2 protein chains.
Amino acid sequence: MENEVKNYADEEHCPVRNVLDRFGDKWSMLVLMLLSDMGVLRFNEIHKYIGTISQKMLTVTLKKLEVDGLVQRKAYPEIPPRVEYSLTQRAQSLMPIIQELAQWANKNMADIQNSRSKAV
Amino acid sequence: MENEVKNYADEEHCPVRNVLDRFGDKWSMLVLMLLSDMGVLRFNEIHKYIGTISQKMLTVTLKKLEVDGLVQRKAYPEIPPRVEYSLTQRAQSLMPIIQELAQWANKNMADIQNSRSKAV
DNA sequence: TCAGATACTTACCTTTAAGTAATTAATGCT
DNA sequence: AGCATTAATTACTTAAAGGTAAGTATCTGA
């Protein structure tokens with residue numbers, strides 16, 4: 001007789017895995033928070049705010065967020081090109097939760113770093 | 001004159017980066033949710049619930065969570081060994097936010113997948 | 001004519017995360 | 001004697017993420 005447990009990680013049925021995997025990367029959350037604070041930003045503006053992101057990763061990150069319908073991309077047919085990014089409604093409905101997460105992190109950062117340093 | 005912007009990603013001062021990076025990996029969130037649902041679990045029980053995690057990654061994940069003071073590890077000096085894992089208070093204060101995140105993901109999963117499929 | 005601006009793309013390389021499979025230690029059970 | 005049990009660890013390999021640097025198109029202004 002098998003122990004019929006498993007299935008907590010089923011990718012098809014676990015929305016957390018399926019959806020949240022997408023902004024568990026290095027930059028997505030940061031871009032979302034920045035756009036949430038600033039409203040509308042051009043590519044180079046985001047690039048300057050997040051001083052350490054490479055052009056390539058910013059492109060990749062914005063594209064992923066756009067594909068998921070979290071970021072809206074508006075390109076103006078000018079030269080040199082101008083592209084503006086902003087949050088969609090969907091992303092805006094997510095931001096309060098991310099803000100809570102950020103608050104939790106703020107509140108607990110010191111203790112966590114303390115725990116880490118004790119762990120040798 | 002330089003454009004004095006930057007610093008949105010400063011790792012020293014950004015608690016979100018610093019703290020949340022740790023459970024943006026493949027398994028941490030899942031382990032936290034499982035322990036939140038189940039209370040106290042032994043290593044092999046977690047392993048069975050999350051059918052697809054390797055022994056190594058479960059060890060690594062639990063150790064990281066323990067170092068951050070999110071998971072409590074209690075080893076009984078028996079043979080064969082028995083080790084029980086549970087959430088700390090700190091992790092429990094985080095769980096409501098993770099639950100909200102999960103609810104958001106649940107609510108928005110279908111739309112997001114729809115957006116993705118449209119994006120070719 | 002040529003640098004500068006803009007939002008990328010591409011090729012290449014390094015780093016990190018994760019998976020596989022074998023091994024360990026000490027005991028009880030058969 | 002030999003196998004199962006438990007919670008790891010170790011060495012090795014593969015896959016994914018991220019970084020670097022250069023290139024692209026088109027126009028403006030010096």
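Below, each value reflects all heavy atoms present in this structure, side chains not excepted, and no hydrogens, waters or symmetry copies. We name chains A, B, ... by the order of the sequence lines, and we start the count at 1 in each one. Values in this document were obtained by computation on a predicted structure and should not be read as measured data.
- For dA7(D), one of the phosphate oxygens OP1 or OP2 lies less than 4.0 angstrom from a side-chain nitrogen or oxygen of Asn44(B).
- A heavy atom lying under 4.0 Å from DNA chain C marks the following residues of residues 64-75 of chain A, by number: Arg73(A).
- Scanning for side-chain hydrogen bond (donor to acceptor under 3.5 Å, both in side chains) contacts around Ser93(B) gives Trp104(A), with sequence neighbours left out.
- Hydrophobic clustering of Ile, Leu, Val, Met, Phe, Trp and Tyr side chains at less than 4.5 Å, counting indirect connections, unites Ile112(B) with Ile97(A).
- Looking at heavy-atom distances under 4.0 Å, Tyr76(B) makes no contact with the nucleic acid at all.
- For the salt bridge (Lys or Arg N to Asp or Glu O under 4.0 Å) condition, no pair includes a residue of residues 102-115 of chain B, sequence neighbours left out.
- Running 5' to 3' along DNA chain C, contacts with non-hydrogen atoms of chain B at under 4.0 Å begin and end at dA18(C) to dT27(C).
- Residues passing the side chain to side chain contact (heavy atoms under 4.5 Å, CB included) test with Ser86(A), sequence neighbours excluded: Val40(A), Gln72(A).
- If you measure from atom CG of Leu58(A) to atom P of dG18(D), you get 13 Å, rounded to the nearest angstrom.
- Annotation: the span from Thr52(A) atom OG1 to His47(A) atom NE2 amounts to 9.0 Å, rounded to 0.5 Å.
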Every protein N/O lying under 3.5 Å from an N/O of nucleotides 19-26 of chain D:
unit_1  : atom_1 : unit_2   : atom_2 : d
dG19(D) : OP1    : Lys26(A) : NZ     : 2.7
dG19(D) : OP2    : Trp27(A) : NE1    : 3.3
dG19(D) : N7     : Lys56(A) : NZ     : 3.1
dG19(D) : O6     : Lys56(A) : NZ     : 2.2

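- For residues 51-65 of chain B, the set of pairs meeting the salt bridge (Lys or Arg N to Asp or Glu O under 4.0 Å) definition, not counting sequence neighbours, comprises Asp25(B)-Lys64(B).
- Rounded to whole Å, the distance from NE2 on His47(B) to P on dT6(D) is 12 Å.
- Of the side-chain N and O atoms in Arg42(B), one or more sit less than 4.0 angstrom from OP1 or OP2 of dA7(D).
- Under the side chain to side chain contact (heavy atoms under 4.5 Å, CB included) criterion, Ala75(A) pairs with Arg73(A), Val83(A), sequence neighbours left out.
- Judged as a side-chain hydrogen bond (donor to acceptor under 3.5 Å, both in side chains), and not counting sequence neighbours, the contacts of Arg90(A) are Ser115(B).
- Two residues are said to be in side-chain contact when any heavy atoms from C-beta on lie closer than 4.5 Å; Phe43(A) and Thr59(A) meet this criterion.
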>> side chain to side chain contact (heavy atoms under 4.5 Å, CB included), that's the test. Do Glu100(B) and Glu100(A) meet it? Break it down for me.
In response: CA-CA 10 Å; Glu100(B) 283 186 74; Glu100(A) 283 186 75; 2.9 Å; yes
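- Residues meeting the side-chain hydrogen bond (donor to acceptor under 3.5 Å, both in side chains) test with Glu78(B), sequence neighbours left out: Arg82(B).
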